[in-house]
There are 2 protein chains.
Amino acid sequence: MNIYDIASKAGVSVATVSRVLNNSPRVSQKSKEKVQRIMDEEGYVPNIFARGLSLNSVKSIGILCPVISDINHAAAVSHIERLLRTNGFDTILASTGSYEEDKSKYLDFLLAKRVDAILCVGSGSGDAKERASFERAAGQVPVVVVNGMVKAKNVYCALCDEEGAVLSLVEELLRKGYRSIAYFYDTETYSGLQKLSGYRKGLAQAGLGADQRIELKIDTETNGIDASFNQTNTILDTGKSFSALIAADDIIAVGAQKALKKRAISIPIIGFNNSRFAQCADPEISSIDTMIESLCTIAVQQLLDVLQGRPAPERVLISASLVQRESFIL
Amino acid sequence: MNIYDIASKAGVSVATVSRVLNNSPRVSQKSKEKVQRIMDEEGYVPNIFARGLSLNSVKSIGILCPVISDINHAAAVSHIERLLRTNGFDTILASTGSYEEDKSKYLDFLLAKRVDAILCVGSGSGDAKERASFERAAGQVPVVVVNGMVKAKNVYCALCDEEGAVLSLVEELLRKGYRSIAYFYDTETYSGLQKLSGYRKGLAQAGLGADQRIELKIDTETNGIDASFNQTNTILDTGKSFSALIAADDIIAVGAQKALKKRAISIPIIGFNNSRFAQCADPEISSIDTMIESLCTIAVQQLLDVLQGRPAPERVLISASLVQRESFIL
DNA sequence: TATAAATATGTAAGCGTTTACACTCCATTA
DNA sequence: TAATGGAGTGTAAACGCTTACATATTTATA
């Protein structure tokens with residue numbers, strides 16, 4: 001069943017059928033109705049490959065997402081997929097599986113699928129190789145990064161001021177008198193480093209140097225909660241103590257909270273990403289919300305703007321917001 | 001840059017180039033190397049639309065997933081995507097956004113994309129309309145349902161014996177002397193109803209009738225934890241009590257646990273899906289693991305078998321396993 | 001060496017769309 | 001009445017690949 005079949009059944013030419021298919025105004029109402037009726041009757045579905053070959057696009061967007069099973073990423077992908085569908089695009093998924101993995105082959109994969117644009121969720125390693133991969137991809141189709149930063153030409157970014165968020169949180173804690181603030185983190189992606197930098201800046205501003213920092217890198221690869229729990233125990237066993245804790249992800253906060261609780265240590269704990277995990281804990285953990293849904297909306301807007309030749313800002317930075325729960329009230 | 005360009009640069013015909021592209025054995029080593037070299041030099045990427053038009057497939061699988069932001073679904077999609085890519089297929093995502101939503105338009109969407117097969121994550125409403133949609137789709141391409149059941153012809157299912165899991169859990173609780181076992185649930189999908197049925201059967205076996213059941217339907221649409229917390233409070237306020245609780249999802253278990261804890265009620269609580277949520281809680285919640293990754297592996301195997309004309313079982317049922325944590329030990 | 005068989009290559013048609021361009025009507029307008 | 005213009009339609013080429021079939025080349029066999 002192709003356009004020729006429909007054309008002959010409707011007694012018109014393929015051009016007319018194609019025009020009906022594409023809502024061209026250059027068809028008479030009569031022809032339009034007739035063709036439409038036949039198409040409905042026959043259950044005709046245009047061949048997307050032929051259309052793609054002819055138009056060189058099937059209106060699809062590639063989503064590049066490290067570890068889609070990460071709850072934050074899943075939320076992002078979910079939101080993006082809906083927005084794109086609403087705008088007539090479909091979504092081809094490429095999930096790398098780890099944060100550090102080289103993205104270039106996934107970019108190539110998506111480009112080979114002839115996507116109209118690429119949307120990348122989350123920040124990556126930020127190294128030169130990654131930048132080059134993105135720049136190469138961006139030479140072919142628009143590339144937008146959600147909640148991450150890739151400093152490459154023609155790569156658009158929508159991100160959250162995580163550095164600022166941590167910085168003002170540190171300031172707030174210091175103001176309240178907490179002097180030894182610990183910071184537990186995992187990834188050293190752009191986002192990870194920004195947060196870390198916010199922490200350090202905050203301490204530095206108060207005259208607290210490198211030796212006053214309590215930084216702990218948690219290996220969250222397999223089970224973040226267990227890892228954080230164990231590593232927190234280890235650090236406490238060394239006799240180190242701290243009067244407040246900021247965690248780069250809620251999962252880390254949860255694990256640390258468990259360890260602290262076991263020793264009946266009650267200090268302010270603030271997590272990151274405002275996930276359900278923070279709410280599951282007891283006491284519920286306050287968390288910095290990076291507004292992932294807003295970022296997705298912005299990113300999709302950037303993408304559509306670029307695709308449609310409208311001007312779009314290369315970098316959009318929104319601010320985070322602290323969701324206060326039991327573990328810390330401003 | 002197309003196959004003709006490559007052909008002329010390599011001094012061969014398009015047929016030869018195409019053969020190299022498709023690893024045909026009918027090319028001399030010499031031609032093969034030459035063509036390959038030129039393709040590499042030129043950075044040639046075959047046009048997937050043209051290939052699709054010619055072969056009537058681009059080796060893509062549609063994933064139909066209600067609410068991909070659900071942590072369990074995200075895990076499934078993540079796993080499936082990797083498995084499929086390993087097998088040379090890419091993944092087109094269609095996420096419905098809610099469990100009840102009519103899936104037929106999403107199926108049509110995927111079919112219009114000319115996917116080679118459809119993989120549906122999770123159970124749906126199970127109603128006649130849904131069945132009809134799936135049957136229609138299954139008439140065109142193989143359809144496999146992961147962790148759900150659609151009783152339609154030619155629809156393959158890989159699922160977990162959730163009814164049996166709840167049933168034996170109830171038996172176990174009764175054996176331990178817990179007489180008034182509550183069951184909190186949310187969705188009434190196939191899976192939801194199976195679990196409910198397991199609960200009822202378990203009680204019935206012990207001679208406990210409908211009036212001994214403590215069933216509560218939680219509205220988890222917006223925030224499952226809050227909903228469960230509030231509704232648990234409400235039911236407790238009415239004076240109703242129970243000596244053990246089974247929840248159809250970890251999120252429900254978490255909310256209920258919070259409410260019970262506030263009243264210093266300590267009873268066995270068992271959740272479902274063995275998500276991180278269960279581990280975040282305190283005490284950590286035991287949970288029935290529905291082995292979603294195994295199911296995905298099985299489902300993808302079914303799919304590949306069917307696609308390659310090998311025989312595949314229409315229904316695969318695996319058993320669940322109870323992950324014991326602090327909230328309940330066997 | 002002649003011939004058959006196997007291997008390698010090329011030609012051209014076909015996949016199902018879109019769309020530039022050409023054409024036919026028919027209603028205006030001079 | 002003839003010329004003009006606009007609306008509707010059709011023809012045919014183009015998109016870039018695969019592959020059946022035909023042909024050329026090499027190798028094996030008698």
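So that the names make sense, note that chain A is the first sequence line, chain B the second, and so on, each numbered from 1.
Using modelled atom types and a 3.5 Å distance limit, the side chains of S24(B) and N22(B) yield no donor-acceptor pair. For the 3.5 Å distance criterion, the side chains of S28(A) and S31(A) qualify, holding a donor opposite an acceptor.
A donor N or O paired with an acceptor N or O is not found under 3.5 Å between the base of dG6(D) and the side-chain atoms of R26(A).
Rounded to whole Å, the distance from CE on M1(B) to P on dC15(D) is 14 Å. Atoms CZ (R19(A)) and P (dC21(C)) sit 13 Å apart, rounded to a whole Å. The distance between atom CG of L21(A) and atom P of dG16(C), rounded to the nearest whole Å, is 14 Å.
As judged by a 4.0 angstrom heavy-atom cut-off over every strand, V14(B) is placed among the base-contacting residues. Within 4.0 Å of S18(A), counting heavy atoms only, lies at least one base atom of the nucleic acid.
Listed pair S28(A) / dA7(D) fails the phosphate criterion, with no side-chain N or O lying under 4.0 Å from OP1 or OP2.
Here dT11(D) is the nucleotide among dT18(C), dT11(D), dT9(C) with the atom lying nearest to any side-chain atom of S13(A). Out of dG10(C), dT9(C), dT17(C), the shortest distance to the side chain of Y4(A) is found at dT17(C).
Considering only residues two or more places apart in sequence or on other chains, H79(B) meets the ring pair (Phe, Tyr, Trp, His ring centres under 6.0 Å) condition with none of them. Not counting sequence neighbours, the partners of R131(A) by the side chain to side chain contact (heavy atoms under 4.5 Å, CB included) test are A128(A), V150(A), K151(A), A152(A).
A heavy atom lying under 4.0 Å from DNA chain C marks the following residues of residues 31-62 of chain B, by number: S31(B), L53(B), S54(B).
In this structure the side chain of F109(A) reaches within 4.5 angstrom of the side chain of D90(B), judged on heavy atoms.
A salt bridge links E81(A) with R85(A): at least one charged nitrogen is closer than 4.0 Å to a carboxylate oxygen.
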